[in-house]
There are 4 protein chains.
Amino acid sequence: MSEAHGVARDQLRSFVERIERLEEEKKTVADDIKEVYGEAKSMGFDTKVLRKVISIRKLDQNERMEQEAVLDTYLHALGMAEAPPEE
Amino acid sequence: MSEAHGVARDQLRSFVERIERLEEEKKTVADDIKEVYGEAKSMGFDTKVLRKVISIRKLDQNERMEQEAVLDTYLHALGMAEAPPEE
Amino acid sequence: MSEAHGVARDQLRSFVERIERLEEEKKTVADDIKEVYGEAKSMGFDTKVLRKVISIRKLDQNERMEQEAVLDTYLHALGMAEAPPEE
Amino acid sequence: MSEAHGVARDQLRSFVERIERLEEEKKTVADDIKEVYGEAKSMGFDTKVLRKVISIRKLDQNERMEQEAVLDTYLHALGMAEAPPEE
DNA sequence: ACCCTCGAATGTTAAC
DNA sequence: GTTAACATTCGAGGGT
C-alpha cells in the first residue's frame, strides 16, 4: 500500500518539476520582453506609445479570432460544423 | 481620543453600507441579464451564439475606444494634446 | 418565409440591445464601487482590509440565508409555510 | 528628412515584431503550464493544492536567493566576492 | 444530476 | 503613489 503513495509521490514530484521548469521559461521570456522595451526606450521611442501599438494590434488579432469563432459557432448551431484544420 | 475612533468607525460604517448597497444593485443587474438570456433561450435562440454576438460587439467597442486612446497618446507624445470634451 | 427571419432578426436585435444596456448599467455600478473604495482610501482606510470586511459580512449573510432556508424547509415539512413578504 | 522617419519606422516595425514574437512564445509556455495542470488533474491530483505547493516552493526559493544576496553583500563588504558560476 | 470547460471578477504585482 | 498587467479564483453554462 505504501507503494501506491510512492508512485503518487513520484508523479507529484514530476509535475512540480515540469511546472517549475516551464515557469522559469515564462519568466525568461517576460524578461526578454522587458529588455526589448528598454532597448526601444534607449533609442528614443516612447514605450507608452509602443505598448499602445502592441495592444491595439492584439485587439485586432483577438477580433479576427473571435470572428472565426463566431462563424464556427453559427456553423455548429446549424449542424454544419467543419473539420478543424490541424492537430 | 476615543472620539477620533468613533468618527472613524462611523465613516467605516458608512463606506461599508454604501459598498454593500452598490453590490446589491450590481447583483440585481447581473440577475436581470441572466433573465434576458433565459427569455431569449425560451424563444428558441441559441444562447451560446447570442453570447458570442455580444462579445464580438464588445470587442468592436473596445477597439474603437483603444483607437481613440492611441490617437490621444500620439497627440500627447507630440505635445499636441487636445482639451477633453466634457467634465 | 423571409418574414419569419425578419421577426427573428428583430427579436435578436432587441435581445442584444437589452443585454448591452444592462451590461452598461452593471459597468456603471462597478465603477461606482471602485470610486467608493478610492474615496475610503483617500480618507486613510486600508482598502484591502475594507474588502475583507465586506467579504466576511457577505459570508455571514449567506449563512443567515441558508439558516432561513433550513427553517423554511422545516416549516414547509410541517405544513406551516409562511407567505413571502413581497414581490 | 523623410529618410529619418523611414529609419524610425523600420526600427519601430522591428521592435513591434520582436515583442509580438516574444508574447506569442510567452502564451505558448503559459498554455503548456495549463496543460500540465490539466494532466495532473486527470491523474487525480488536486490542482489547487498543487498550485499551493508551487507557490510555497517559489517563496522558499526567494528566501534562499535573499539569503544568498545577503551573504554576497557580506562577502563584497569583506572584499571576498566570488565569481558568478555561469552566464 | 454532475463534471468540466470557459469567461468574468478579484486580488496581487510590477511599471512608470 | 497610481494605474495598468498579470495570475488566480469563482461562478455560470453546456455537455455527458
Side-chain angles (χ1 to χ4, degrees), chain A residues 19 22-23 26-27 29-31 33-38 40-41 45-52 54-56 58-59 62 65-66 69-70 72-73 76-77 81, chain B residues 19 22-23 26-27 29-38 40-41 45-52 54-56 58-59 62 65-66 69-70 73 76-77, chain C residues 19 22-23 26-27 29-31 33-35 37-39 41-42 44 46-56 58-59 62, chain D residues 19 22-23 26-27 29-31 33-35 37-42 44 46-56 58-59 62:
Chain A
I19 290 167
L22 288 167
E23 294 210 330
K26 197 170 67 152
K27 193 184 183 319
V29 178
D31 289 344
I33 293 173
K34 269 193 229 169
E35 259 186 72
V36 177
Y37 275 112
K41 186 177 197 171
F45 288 100
D46 182 335
T47 57
K48 192 172 173 180
V49 173
L50 187 49
R51 283 175 193 278
K52 270 277 177 253
I54 298 285
S55 82
I56 202 168
K58 192 187 288 181
L59 268 188
N62 286 345
M65 288 171 63
E66 275 281 324
V70 89
D72 219 57
T73 306
H76 271 94
Chain B
I19 291 167
L22 288 167
E23 294 212 328
K26 197 171 72 156
K27 192 185 184 318
V29 178
D31 290 345
D32 288 348
I33 292 173
K34 270 195 229 168
E35 258 185 74
V36 177
Y37 275 112
K41 186 177 197 172
F45 289 99
D46 182 334
T47 58
K48 193 172 174 181
V49 173
L50 187 48
R51 283 176 194 279
K52 270 279 178 248
I54 298 285
S55 82
I56 202 168
K58 193 188 287 182
L59 268 188
N62 287 344
M65 287 170 64
E66 276 283 322
V70 89
T73 305
H76 272 93
Chain C
I19 291 167
L22 287 167
E23 295 211 328
K26 197 171 71 155
K27 194 185 181 317
V29 178
D31 289 345
I33 292 173
K34 268 195 224 170
E35 259 186 73
Y37 276 111
E39 199 180 324
K41 184 178 197 172
S42 75
D46 181 333
T47 57
K48 193 170 174 180
V49 173
L50 187 49
R51 283 176 195 278
K52 263 278 172 276
V53 171
I54 298 286
S55 78
I56 286 170
K58 191 188 288 181
L59 279 184
N62 288 343
Chain D
I19 291 168
L22 288 167
E23 294 210 329
K26 197 171 72 155
K27 194 187 182 317
V29 178
D31 289 345
I33 293 173
K34 269 195 224 170
E35 258 186 74
Y37 276 112
E39 198 180 323
K41 184 179 196 170
S42 77
D46 182 333
T47 58
K48 194 170 172 179
V49 173
L50 187 48
R51 282 175 194 279
K52 263 277 173 277
V53 170
I54 298 286
S55 78
I56 286 169
K58 192 186 288 181
L59 280 185
N62 288 343

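Note on naming: letters A, B, ... go to the chains in the order of the sequence lines (proteins, then strands), and numbering restarts at 1 for each one. Scope of the values below: all heavy atoms of this structure, side chains included, with no hydrogens, waters or symmetry mates.
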Value for CG (B:Asp46) from OG1 (A:Thr73), rounded to nearest 0.5 Å, stands at 8.0 Å
Reported CZ-to-CD1 distance for the pair C:Arg51 and C:Ile33, which is rounded to 0.5 angstrom: 9.0 Å
Non-neighbouring partners of A:Glu23 that pass salt bridge (Lys or Arg N to Asp or Glu O under 4.0 Å), sequence neighbours left out: D:Lys58
Go through the structure and list residues passing salt bridge (Lys or Arg N to Asp or Glu O under 4.0 Å) with C:Glu39, not counting sequence neighbours. B:Arg18
Heavy-atom pair with the smallest gap, counting every atom of B:Val29 and C:Leu22: CG1-O, 3.2 Å
C:Tyr37 versus C:Thr47, closest heavy-atom pair with distance: O-CG2, 3.6 Å
Nearest-nucleotide check on DNA chain E, C:Lys58 vs A:Lys34; residue mapping nearer the 5' end is C:Lys58
Heavy-atom nearest nucleotide on DNA chain E taken for C:Lys48 and for A:Tyr37; more 5' hit belongs to C:Lys48
Return the value, rounded to whole Å, for the distance between atom [atom1] of [X] and atom [atom2] of [N].
X       : N      : atom1 : atom2 : value
D:Lys41 : E:dC6  : NZ    : P     : 11 Å
B:Leu22 : E:dA9  : CG    : C1'   : 16 Å
D:Asp46 : E:dC4  : CG    : C1'   : 15 Å
C:Ile56 : E:dG11 : CD1   : P     : 12 Å

Hey, which sits more toward the 5' end of DNA chain F by its nearest nucleotide, A:Ser55 or B:Arg51? A:Ser55
With sugar-phosphate meaning primed atoms plus P, OP1 and OP2, does C:Lys26 contact a base, only sugar-phosphate, or nothing at under 4.0 Å between heavy atoms? sugar-phosphate
First and last nt of DNA chain F near chain D, cut-off under 4.0 Å to heavy atoms, 5' to 3', are F:dC6 to F:dC10
